[in-house]
Every structure is written in C-alpha cells, then in structure tokens.
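Remarks on the structure that follows.
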Amino acid sequence: TARLWDARTGASLLTLARHIQGVSDVSFSSDGGRLVTASLDGTARLWDARTGASLLTLNGHPATVGARFSPNGSHVVTASLYGDAQLWDAKIGDYQLSLKGHTKEVRSARFSPDGSRILTASVDGTARLWDAKTGLVLMTFADHHGAVNAAAFSPTGEQVVTAGADGVVHIYSTKLDFYVKRACELLRGHRDEFQDVVEVCKTVGVLPLPPLPPGPVSESAMKNGSAG
C-alpha cells in the first residue's frame, strides 16, 4: 500500500491499496492532483490525490521499481527490475515506447525539467540520457565502479548528477557542445588531425594554433641550396 499524509498534522488522509506486492516508489504530478505508484507486482498505478480513486493501471514490467510524471503531467515513465524503462500516456494509459540499453535493473527514471529527455540510473554501472520522443540514447555516463543508485537533473536541465554504490557522486553536462569543445581542445595540439575537424571546432570557440615559426635552416639544407 501507499498512504497520503497531512504534512502539517501528520494525520493519515488516504490509503492506496490496489497493489498485490510491495510499493517501491510513489510521486505526485506537478499540479498535485494525481499520484503514481510503482510496485513489484509489475504495475504502476495512477490515483486521484484527493479521493484515492484508482485512475489507470500501467502493466508492462515483470517488476516495476520506479515511476515519475513528466513536468506537464501528460506522460509517466516507469523503471524496471529487468533493465528497461517505459513511457506511457498518463491520460489514457497507452504504452508509448521502451528505453532499452541497460543490462541490469534500472533503479530510477526521471524527466528533464522541459520533459524532452529522460534520465535513467542502473545497476549495470551507467546512467543514460534518452530522447523522450524517439527513445534514442543521447548520452551514456559510465564513470562509476558499481551500480548507479540514483540520477537527477539540475533545475535547468543542463547538468545531471549521479550517485553510485562506489561512494562517489558525479556531475555531468548534458550539453553536447561541452563535450565537442573538450575533444577539440585535446586535439588542438595535433595540427594535422585538427585540420579534419577545424570547422566543427570553430563553432565551439576552439581555433587552430598559430602557425609554427620558421625553424632554423640546417647546415645540410644550406649546402644543398648553395649547390643548386
């Protein structure tokens, strides 16, 4: 079951009791009008936060460990014990797409502040950033030595933070330009290779190194030149 409590008085307001196994996650919609619960019984359920009425049942995982609304409340993302996440229409309960790529349990799945991306954290040691419309992987964050227990967006959506079983927290940029710039800076000292990507690097503010000054003319070159 899940329970709704009065945060001021501590009084129990509602009991949500349709799941047949443990409830692993619960959260409000952004307007506070609905709740979504995730259960090891393989379902996520949407509830009216005022009356406790069951609104929808989302049945797509063998065991569901996480569920979150999109910022505008139009969708729900669910995370599975079996390595995937699923996107659902929160108005009619229709399945939309699966986010597949993790090889072990997905511990959490959350929307970006603008709802355009989804961030997942997995026991396989990675967090992944996905396009919420297409289900394509945009970025993979793989610096933890062990399970990634949680991952969250910054308020602007330009950064994500991951928390690992290795005791480490990592902060990453979600802006592709950040990584393009870093790669260009590393490549800048290799003049020949840099020429292949110079136009791309210019767009992120990394310019070629200035030309090398002419080197001293070797004695053998001078002799060869004078002989000509």
Side-chain angles (χ1 to χ4, degrees), residues 1-3 5 7 19 21-30 35-44 60-71 75-87 98-132 135-187 204:
T1 62
R3 291 180 181 271
W5 304 81
H19 288 294
Q21 292 188 41
V23 175
S24 51
D25 196 15
V26 60
S27 64
F28 280 97
S29 60
S30 59
L35 293 159
V36 61
T37 54
S39 172
L40 297 177
D41 66 11
T43 68
H61 297 295
T64 307
V65 294
R68 286 289 188 275
F69 282 100
S70 62
H75 290 83
V76 165
V77 63
T78 56
S80 167
L81 193 65
Y82 289 84
D84 67 331
Q86 294 180 351
L87 187 68
S98 289
L99 309 177
K100 294 184 177 181
H102 289 295
T103 58
K104 295 183 180 179
E105 172 188 345
V106 177
R107 290 243 166 119
S108 71
R110 299 173 185 271
F111 283 94
S112 60
D114 65 0
S116 67
R117 293 162 296 166
I118 294 170
L119 179 65
T120 54
S122 173
V123 175
D124 68 8
T126 69
R128 291 176 182 252
L129 191 66
W130 311 77
D131 186 295
L136 295 176
V137 178
L138 303 175
M139 293 181 181
T140 299
F141 309 108
D143 292 309
H144 286 286
H145 301 286
V148 182
N149 292 327
F153 284 96
S154 66
T156 63
E158 294 185 356
Q159 294 177 313
V160 298
V161 60
T162 60
D166 56 4
V168 178
V169 171
H170 290 290
I171 299 175
Y172 300 94
S173 173
T174 62
K175 299 179 70 175
L176 184 60
D177 283 0
F178 173 87
Y179 299 98
V180 173
K181 184 176 182 180
R182 178 182 289 182
C184 287
E185 289 170 345
L186 292 172
L187 196 60
V204 293

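Positions are given from 1 along the sequence.
Between the Asp84 side chain and the Leu99 main chain, no donor and acceptor come within less than 3.5 Å of each other. In this structure, the side chain of Thr174 engages the main chain of Glu158 through a donor-acceptor pair within 3.5 Å. Without hydrogens or angle criteria, Asp25 side chain to Gly66 main chain gives no donor-acceptor distance under 3.5 Å. Ser29 places no side-chain N or O within donor-acceptor distance of the main-chain N or O of Leu35, the cut-off being under 3.5 Å. In this structure a side-chain-to-backbone donor-acceptor pair under 3.5 Å is present from Ser30 to Pro71. Side-chain atoms of Ser112 come within 3.5 Å of backbone atoms of Arg117 as a donor-acceptor pair (strictly under, hydrogens ignored). Looking at Ser122, its side chain does come within 3.5 Å of a backbone N or O of Asp124 through a donor-acceptor pair.
In this structure, His75 NE2 and Ile118 CD1 are separated by 9.0 Å, a value rounded to the nearest 0.5 Å. The CZ atom of Arg110 sits 10.5 Å away from atom CZ of Phe153, with the distance rounded to the nearest 0.5 Å. In this structure, CG in Asp131 is found 5.5 Å from CG in Leu138, a value given to the nearest 0.5 Å. Separation of atoms CD (Glu105) and OH (Tyr82) is listed at 10.0 Å; rounding is to 0.5 Å.
Closest approach of Ser108 and Ala79 over heavy atoms only: C-CB, 4.1 Å. Here the closest non-hydrogen pair linking Ala44 and Thr78 is CB-CG2, 3.8 Å. A pairwise comparison of heavy atoms in His144 and Val168 identifies CE1-O, 3.0 Å as the closest pair.
Under the 4.5 Å side-chain criterion, counting only non-hydrogen atoms from C-beta, Thr162 is not in contact with Val169. At least one side-chain heavy atom of Arg107 sits under 4.5 Å from a side-chain heavy atom of Val123. Between Phe111 and Leu119 the shortest side-chain heavy-atom distance does not fall below 4.5 Å. No side-chain heavy atom of Phe141 sits under 4.5 Å from any side-chain heavy atom of Thr126.
With sequence neighbours excluded, the residues satisfying side-chain contact (heavy atoms from CB on, under 4.5 Å) with Ser24 are Ala38, Val65.
With His61 as reference, Ser80 is the one residue of Ser98, Ser39, Ser80 to meet the side chain to side chain contact (heavy atoms under 4.5 Å, CB included) rule. The side chain to side chain donor-acceptor pair (under 3.5 Å) with His19 is formed by just one residue from the set Thr37, Thr64, Thr1; it is Thr37.
Under the 3.5 Å distance criterion, with hydrogens and angles disregarded, no donor-acceptor pair is assigned to the side chains of His170 and Asp143.
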List the steps, then state whether side chain to side chain contact (heavy atoms under 4.5 Å, CB included) holds for Leu136 with Trp130.
-> CA-CA 6 Å; Leu136 295 176; Trp130 311 77; over 6 Å; no

